[in-house]
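When reading the values below, keep in mind they use all heavy atoms of this one structure, side chains included, and skip hydrogens, waters and symmetry mates. Bear in mind the structure is a predicted one, so any value in this text is a computation, not a measurement.
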Amino acid sequence: MGTVVSVSARLPVGSEWAAVCTEVESAFQRFDARFSLYRQESELSRIARGELSLTEASEELREVYALAIEWRSATRGAFTPHRPDGLVDLNGVVKALAIDSAGEGLTAAGIENWCLNAGGDVLCGGVPDAGHRWSVGITDPEARGAVLTSLELFAQHRAVATSGYSERGEHLWLRGGAERRFAQATVFAPDIVTADVLATAILAAPASELDELVAAHPVDVLAVLPGGELVATPQLRERFVL
């Protein structure tokens, strides 16, 4: 998927790191094998070449495509599974689904306390140790390598995703013309798919649509305008560590 995946965990007695890494790797490899547009043999690449239609695709691929279409409707097109040339690209939900699958695998293996980080998208289970919570640092888009703030993850918001231009440059399809936009958006959510999709949608849509995009979802948002001005949802403002 063109990114780095790391895992932190508090292992129960008898568990080994090799098994943890295998569990995480297998989840990402399964999604990559089916959905990567960089793998010529993947099912989605076959659709892109016209060798396979969506109606003939596997049930899993059709379900993921349907999920992406639902999010396109929910964000009024700010998030979309279609590139400007019409090519179906499901990466906007697939990485999050792989993270979620890896987390479920760790929990099923008896590892209750873990934290997965896939290219800055984070999902946690349990706690790092007694009396503490997992915490994440958010990069300052105006100073690459610097931390803008750090925040603890709570049970209701165990997933966090950030979308911005400091790492990957211009990589989104924008909606709304030349209106003012955020330079970076971080979303805290109950699940990683919601966090990842909304982070992308907030960045792709005009900044004026922030409230509309998040109104229907139990999320918190920290967004950064060009120049460094911060915009945050009310509950998040009280949790800053600047």
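- Just one residue in the list V193, V160, D196, I99 forms a side chain to side chain contact (heavy atoms under 4.5 Å, CB included) with L123, and that residue is I99.
- Of the possible polar contacts, none joining the S101 side chain to the L97 backbone as a donor-acceptor pair under 3.5 Å is found.
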Expected list for residues 2-13: side-chain donor-acceptor pairs under 3.5 angstrom, two or more places apart:
residue: T3; atom: OG1; partner: G119; partner atom: N; Å: 3.4
residue: R10; atom: NE; partner: P128; partner atom: O; Å: 3.0

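- In terms of the ring pair (Phe, Tyr, Trp, His ring centres under 6.0 Å) criterion, W134 has no residue partners (sequence neighbours excluded).
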- Item | side chain to side chain donor-acceptor pair (under 3.5 Å) between E43 and S58, intermediate numbers included | CA-CA 8 Å; E43 189 174 8; S58 65; 2.9 Å; yes
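- Residues passing the salt bridge (Lys or Arg N to Asp or Glu O under 4.0 Å) test with E41, sequence neighbours excluded: R39.
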- Walk me through it: do E209 and R181 pass the test salt bridge (charged side-chain N to carboxylate O under 4.0 Å, His left out)? CA-CA 10 Å; E209 295 184 16; R181 299 178 187 279; over 6 Å; no
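- When all heavy atoms of A27 and A98 are compared, the closest pair comes out as CB-O, 4.0 Å.
- Smallest separation of non-hydrogen atoms from L87 and A48: CD1-CB, 3.1 Å.
- The nearest pair of heavy atoms linking N117 to G120 is OD1-N, 2.8 Å.
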- Message: Using the rule given for side chain to side chain contact (heavy atoms under 4.5 Å, CB included), can you reason through F35 versus E60, listing the C-alpha separation, both sets of side-chain angles and the distance that settles it, and then say yes or no?
- Response: CA-CA 10 Å; F35 294 98; E60 181 181 32; 4.3 Å; yes
- Item | Derivation of the side chain to side chain contact (heavy atoms under 4.5 Å, CB included) call for Y65 and V88 | CA-CA 9 Å; Y65 179 72; V88 176; 3.9 Å; yes
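- Listed by first and then second residue, the side chain to side chain donor-acceptor pair (under 3.5 Å) pairs involving residues 47-57 are Q40-R49, R49-E51, S53-T55, S53-E56 (not counting sequence neighbours).
- Without hydrogens or angle criteria, H82 side chain to T80 main chain gives no donor-acceptor distance under 3.5 Å.
- Between the side chain of S42 and the backbone N or O of L37, no donor-acceptor pair lies under 3.5 Å.
- A donor-acceptor contact shorter than 3.5 Å is absent between the side chain of Q184 and the backbone of L225.
- Partners of E16 according to the side chain to side chain contact (heavy atoms under 4.5 Å, CB included) rule, which considers only residues two or more places apart in sequence or in another chain, do not exist here.
- Side-chain atoms of N113 come within 3.5 Å of backbone N or O of V127 as a donor-acceptor pair.
- The main-chain N or O of G103 is found under 3.5 Å from a side-chain atom of T107 such that the two form a donor-acceptor pair.
- A donor-acceptor pair is defined here as one N or O able to donate and one able to accept, closer than 3.5 Å; no such pair exists between the side chain of H157 and the backbone of D191.
- S36 meets the side chain to side chain donor-acceptor pair (under 3.5 Å) test with no other residue; sequence neighbours excluded.
- Nearest heavy atom pair, residue T75 against residue F79, reads OG1-N, 3.0 Å.
- A distance-only check finds a donor-acceptor pair linking the side chain of R158 to the backbone of C124 [under 3.5 Å].
- Surrounding CD of E142 are more than 12 heavy atoms belonging to other residues, nucleotides or ligands, all under 6.0 Å away.
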- Audit row: L151, I138, side chain to side chain contact (heavy atoms under 4.5 Å, CB included) steps and yes/no: CA-CA 8 Å; L151 293 168; I138 301 171; 4.3 Å; yes
